[in-house]
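Down below is the structure, laid out as structure tokens.
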Amino acid sequence: MKKKYDVRGMGCAACSARVEKCVGALNGVQTVEVNLLANSMVVNFDEGTCSSQDIMDTVADAGYEASEADEEAHRPGAGEITKERTGEMRKRLIVSLVFCVPLFIVAMCQMAGILNLSDPVLLGIEAGLTAPIVAVNYKYYTVGFGMLVRRSPNMDSLIAVGSAAAVIMLYFESAGMILTLVTMGKFLEAIAKGRTTGAIEKLLELSPTEATVMRAGEELQIRVEELQIGDRVIVKPGERIPVDGIITGGSTTLDESALTGESLPVEKGPGEEVCSATSNLTGRIEFEATRVGEDTTLSQIIRLVDEAGASKAPIARMADKIAAVFVPVVMAIAILVAVVWLIAGFAPVRAIMVGVSVLVISCPCALGLATPVAIMVGTGLGAEHGILVKSAESLERASGIETVVLDKTGTITRGKPLVTDVLGIDLLLAAAIEKNSGHPLAKAIVAEALEMLESERSDERDEIPEVSDFEEYPGRGVRAKVEDEEFFAGNHAMMEEHGFGADFETGSSMASAGKTVVYFIRDGEYAGLVALRDGPKATSLEAVRELEGMGIDVVMLTGDNAETANAIKEKVGIDKVYAQVLPADKDKVISELQNDGDKVVAMVGDGINDAPAISRADIGIAIGSGSDIALDSADIVLVRDDLCDVGKTIRLSDRVMRTIKQNLFWALCYNVICIPIAAGVLYPFTGWLMSPELGAACMSLSSVCVVCNALRLKLQKL
């Protein structure tokens, strides 16, 4: 089973690497992903071999604290832990500054000769001012030395050893400055981290706390948590939709921008679906609740964004490997540097302080944050635009897409075909044969028949006949009996498979005009046809041109015949088409395209009939309404029915990956350059040595720079 945990106490990449290593070594644990930014851990384990308590005990033995994430709370652990950490850091920083400022002034005045105090008095004043700073930042010592004892030093160990060495050498101002500057950096980092979860926080604020329901003929105000499936919910203008449902009365205009990123209002009426967290702009509506609690659209979006932000991208593996050995290597370098300076004839005090500078300037945090901050900001930005990425790995892979395969019905086209021609067959009889099918064409025929019954075109006594012995042939058609007569309804391929004759000449002519033809057979004889047209979406042509402009091959995949497929192909400008492909065979086409030059292939479909192909593709993208976001087969879900969002997804991935690479480059270069400078490589040429205080300031700013660079993603338009 897979379970998520909140992990407290991690301060740097070395911490997350240790937790991952310890938990991963447990028998029964199959995979473990620890996210430093999200303060979380996702473990896939065998319940028969390993228990959740074993995992939490292992984390505790490693020096940290783990608890099972509260999935019911809708609130990701990262947000709560980050807020808590920010508040704690603020208090520590205020106290540290209160005593550090006078400590710094005393030290500077003494050095400038303004103060002429005896050494014992000066040391007493500096020690008195340093003591509160050490006390309020005691966690650096308890955690840092604790991890040293466990032979797994982390960043706190570097700070603890460095500041403790300064205190022992009676460099009180250095110790106070180190602790204060590091705490200031941690505080700024915590603030920046909090902003990375802003998208989820905004989503959480969208959900109303109360709802109006009709019970026993009365309107009652209840908490949203008390709503049940089947409740009649009333929403007035200016209120938000509390849960998902189907409108049963009234009509209105909804603002769905919070979920889909679409700024234009949407008209809704009886029989249409409404989603939680959307805003009711104009009319009073009543709807029947169909999804409540964890099943609502908003809840699913929050869960997907949270899981994606807490997951780990493959590119992070390199940083993890470096982080696992970073702190021990830095401590070894610091000792070696101090020894070299002693051998070179320098005073022990100076040699030790150079070693301290090496310790405090090193920053494993920047390495650990390089990937997760960009992933979390990127997935949040995607959610704001109606792009839901299920994992960091999916977001990374999307940047390498070379071929995009598009399903026709519902993806390129509107997916709501309309009947244009009825030849030979009675429409009500055709509707009877098709009414038990869930295919869009069947639904369109039934809808046309129902509309006819409600209009002047039908006698009041007319109705859709009952059928028996119904059978469906996926991708082909249906068979049913009406009053002992056997009917077949389907496409050209079905007619040929069963040896039926039909007016294929008329059907072919209609197909060439972009229509889809359904042939009907009564007791083995041709009975007529129904033609339907499903035109391209308004943005399909623009989307195809955009993808081709990005150097991506675009392919259309459909179960329709070649004539209909070619008609749509010409309208949207796609060069390559696979027609008359059964749903079960679509994944074979994906495999062929993948093997053609080892290309990275994305499949875009509605996630239902296209599920096998979506699963087979390197990146499966489901496109559909806001309520269909939890499709298991898809890696990425586009909430809006807009094909242009495929291009947005690829651009989002490109920008996130570019940011990650920038962060990793900065983090590695910072340490590669700054550690030698702190070790004194410039001293023979310039006579300058870096002070521990300056080293602490540089270290603090390095991780802040990484987080702020990731936050720049929020400013970019997709």
Side-chain angles (χ1 to χ4, degrees), residues 1-71 76-78 80-82 84-85 88-89 137-164 186 190 193 310-312 316-317 319-332 359 362 364-365 367-369 371-372:
M1 69 172 298
K2 182 177 286 189
K3 190 177 285 288
K4 183 179 179 182
Y5 300 85
D6 293 329
V7 182
R8 297 173 183 266
M10 295 190 299
C12 68
C15 299
S16 58
R18 174 169 171 77
V19 172
E20 193 165 291
K21 180 180 178 181
C22 292
V23 174
L26 279 175
N27 288 331
V29 171
Q30 295 154 357
T31 60
V32 54
E33 287 188 345
V34 179
N35 189 294
L36 176 62
L37 175 63
N39 296 289
S40 67
M41 173 177 65
V42 178
V43 185
N44 193 355
F45 62 97
D46 180 4
E47 285 186 288
T49 309
C50 175
S51 70
S52 183
Q53 189 60 50
D54 291 335
I55 293 172
M56 291 187 288
D57 289 343
T58 300
V59 174
D61 292 339
Y64 308 94
E65 179 185 346
S67 60
E68 293 184 6
D70 185 1
E71 301 293 346
E80 287 297 325
I81 295 176
T82 300
E84 180 182 316
R85 188 172 177 81
E88 178 192 352
M89 282 295 170
N137 292 294
Y138 73 94
K139 283 192 175 181
Y140 291 131
Y141 299 98
T142 56
V143 175
F145 287 123
M147 299 310 293
L148 271 178
V149 172
R150 291 184 174 90
R151 291 181 298 177
S152 182
N154 61 2
M155 184 174 174
D156 288 340
S157 303
L158 299 179
I159 298 168
V161 171
S163 59
K186 291 287 185 183
K193 279 185 183 180
S311 62
K312 186 167 290 185
R317 306 300 177 196
D320 289 346
K321 290 178 181 178
I322 296 173
V325 297
F326 184 89
V327 175
V329 168
V330 166
M331 297 188 81
L359 290 176
S362 307
C365 280
L367 276 173
L369 293 172
T371 300

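Partners of Val143 according to the side chain to side chain contact (heavy atoms under 4.5 Å, CB included) rule, which considers only residues two or more places apart in sequence or in another chain, are Met147, Asn154, Asp156. Every side-chain hydrogen bond (donor to acceptor under 3.5 Å, both in side chains) that Lys139 has, sequence neighbours left out, goes to Glu88.
To the nearest 0.5 Å, the span separating OG on Ser52 from CD on Glu68 amounts to 3.5 Å. Atom OG in Ser40 sits 12.5 Å away from atom OH in Tyr5 (nearest 0.5 Å). Note that CE of Met1 is 4.5 Å distant from CD of Glu47, once rounded to the nearest 0.5 Å. A distance of 12.5 Å separates CG of Leu26 from CG of Asp46, quoted to the nearest 0.5 Å.
Put simply, the side chain of Met10 does not reach to within 4.5 Å of the side chain of Met41, judged on heavy atoms. The closest side-chain heavy-atom distance from Val161 to Leu148 is below 4.5 Å. Proximity of Ile55 to Phe45: side-chain heavy atoms (C-beta onward) are separated by under 4.5 Å at one or more points. Taking the side chain as every heavy atom from C-beta outward, Ser163 and Tyr140 never approach each other to under 4.5 Å. Looking only at side-chain heavy atoms (C-beta outward), Val43 and Val23 come within less than 4.5 Å of each other.
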Candidate pair Ile159 and Tyr141, rule side chain to side chain contact (heavy atoms under 4.5 Å, CB included), full reasoning: CA-CA 8 Å; Ile159 298 168; Tyr141 299 98; over 6 Å; no
Side-chain donor-acceptor distances from residues 56-63 under 3.5 Å, at least two apart:
| unit_1 | atom_1 | unit_2 | atom_2 | d |
| --- | --- | --- | --- | --- |
| Asp57 | OD1 | Gln53 | NE2 | 2.9 |
| Thr58 | OG1 | Asp54 | O | 2.8 |

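Scanning both residues, Pro328 and Pro153, for their nearest heavy atoms gives CG-CG, 4.0 Å. Considering every non-hydrogen atom in both Gly24 and Val29, the closest pair reads CA-CG1, 4.2 Å.
Of the possible donor and acceptor atoms, one in the side chain of Glu20 sits under 3.5 Å from a partner among the backbone N and O of Val34.
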